[in-house]
Amino acid sequence: MSGGLDPAYRRLHADATSLLEGWTAPTPGQEARREGFLAHLRAHPYAMAKQGPPAHLTASCLVLDPAGGHVLLTLHSKARQWFQFGGHYEPGDASVLAAATREAREESGLPGLEVHPSLVDLDRHALVGSFGRCREHLDLRFAAVAERDGGHEVSAESLDVRWWPVDALPADAGAELPRLIAAARAALPVS
């Protein structure tokens, strides 16, 4: 990035660092990932910006129904797979949580969606296909609860948005979704 680091990304960098430092990872694998994310943030002051290093942080949100038996997913237009809602940080995001909330609201069409404030999962994944200079995402993952009749909509970034039973995910769902669903169900007040 030329011209120095935008103050908004500096703020998001500090927020991500604080969030990760204060998070108690639920498993040794998640703890190793937490430590790796913190090391990446220390090494890359631009790690929150899409225009930063090819491996940069993102924010996402998994949406469950109140019973925890269904998950709202988006069919990603570039990856051609079903995922939770999420994406890159923008300068107007006040925090990591605000970015995850914005992404979930924009991509689900649920403007009043409230995202639970605690991290539920971390994921680091390589990107395949036409993602420009983006090569890897270090994803900070949150979760939310919404009614299945809440009027979701397909955004310009998606091919489809649909509720799926958590025990019958589509064949072309992201491989890490079962782990993320389990983490979200453990963290949220679902019945």
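Bear in mind the structure is a predicted one, so any value in this text is a computation, not a measurement.
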So, for Arg124 and Phe37, which heavy atoms are closest and what is the spacing to 0.1 Å? CB-CE1, 4.1 Å

Counterpart residues, side chain to side chain donor-acceptor pair (under 3.5 Å), relative to Glu114 (two or more places apart): Arg105

Distance (rounded to the nearest 0.5 Å) between Leu72 CG and Trp164 CH2: 11.5 Å

Ring-ring centroid check His56 His44, cutoff 6.0 Å: no

Arg148: partners by salt bridge (Lys or Arg N to Asp or Glu O under 4.0 Å), with sequence neighbours left out: none

4.5 Å side-chain heavy-atom contact, Arg162 and Leu75: no

Using 0.5 Å steps for rounding, measure from the CG atom of Leu140 to the CG atom of Leu20. 5.5 Å

Contacts of type salt bridge (Lys or Arg N to Asp or Glu O under 4.0 Å), residue Glu90, not counting sequence neighbours: Arg102

State, to 0.1 Å, how close Leu159 and Ser77 come at their nearest heavy-atom pair, and which atoms those are. CG-CA, 3.8 Å

On a heavy-atom basis, which atom in Pro53 and which in Tyr46 lie closest, and how many Å separate them? CD-O, 3.4 Å

Look at the side chain of His13 and the backbone N and O of Leu41, then say whether any donor-acceptor pair between them is shorter than 3.5 Å. yes

Residue pairs meeting side-chain hydrogen bond (donor to acceptor under 3.5 Å, both in side chains), one or both in residues 14-25, sequence neighbours left out, come to none

Is it possible for you to say whether Leu113 and Val145 belong to one hydrophobic cluster, with membership spreading through side-chain heavy-atom contacts below 4.5 Å? no

Side-chain donor-acceptor pairs under 3.5 Å in residues 58-65, sequence neighbours left out?
unit_1	atom_1	unit_2	atom_2	d
Thr58	OG1	Asp139	OD1	2.9
Ser60	OG	Gln84	NE2	3.2
Ser60	OG	Asp139	OD2	2.6
Asp65	OD1	Gly68	N	2.9
Asp65	OD1	Gly69	N	2.9
Asp65	OD1	His70	N	3.1

Test item: Phe142 and Val96 side chains (from C-beta on) under 4.5 Å apart, heavy atoms: yes

Sorted by chain and number, sequence neighbours left out, salt bridge (Lys or Arg N to Asp or Glu O under 4.0 Å) with Asp172 holds for none

Leu73 CG to Ile181 CD1 distance, which is reported to the nearest 0.5 Å: 6.5 Å

Of all residues at least two apart in sequence or in a different chain, which pass the salt bridge (Lys or Arg N to Asp or Glu O under 4.0 Å) check with Arg11? none

Using side-chain heavy atoms (C-beta onward) and a distance below 4.5 Å, is Leu169 in contact with Trp82? no

Mind checking side chain to side chain donor-acceptor pair (under 3.5 Å) for Arg179 and listing every partner two or more places apart, or none if nothing turns up? Asp121, Asp123

Partners meeting side chain to side chain donor-acceptor pair (under 3.5 Å) with Glu176 (sequence neighbours left out): Arg141

Test side-chain contact (heavy atoms from CB on, under 4.5 Å) applied to Ser155 - qualifying residues, sequence neighbours left out: Glu107, Glu157, Ser158

Looking only at heavy atoms, what is the nearest atom pair of Phe85 and Thr74, with distance? CE2-CB, 3.6 Å

How would you list all residue pairs meeting ring-ring contact (aromatic ring centres under 6.0 Å, His included) that involve residues 102-125, not counting sequence neighbours? His125-His137

Hey, any chance Val120 and Phe83 share a hydrophobic cluster, counting ILVMFWY side chains that come within less than 4.5 Å of each other, even indirectly? no

Could you pull out the closest heavy-atom pair between Leu119 and Leu122, with the gap in Å? CD1-CD2, 4.2 Å

Can you give me the closest heavy-atom contact between Val115 and Ala143, atom names plus distance? CG1-O, 3.6 Å

Excluding sequence neighbours, so at least two apart, what forms side chain to side chain donor-acceptor pair (under 3.5 Å) with Glu31? Arg34

Rounded at 0.5 Å granularity, tell me how far CE in Met48 sits from CG in Leu138. 10.0 Å

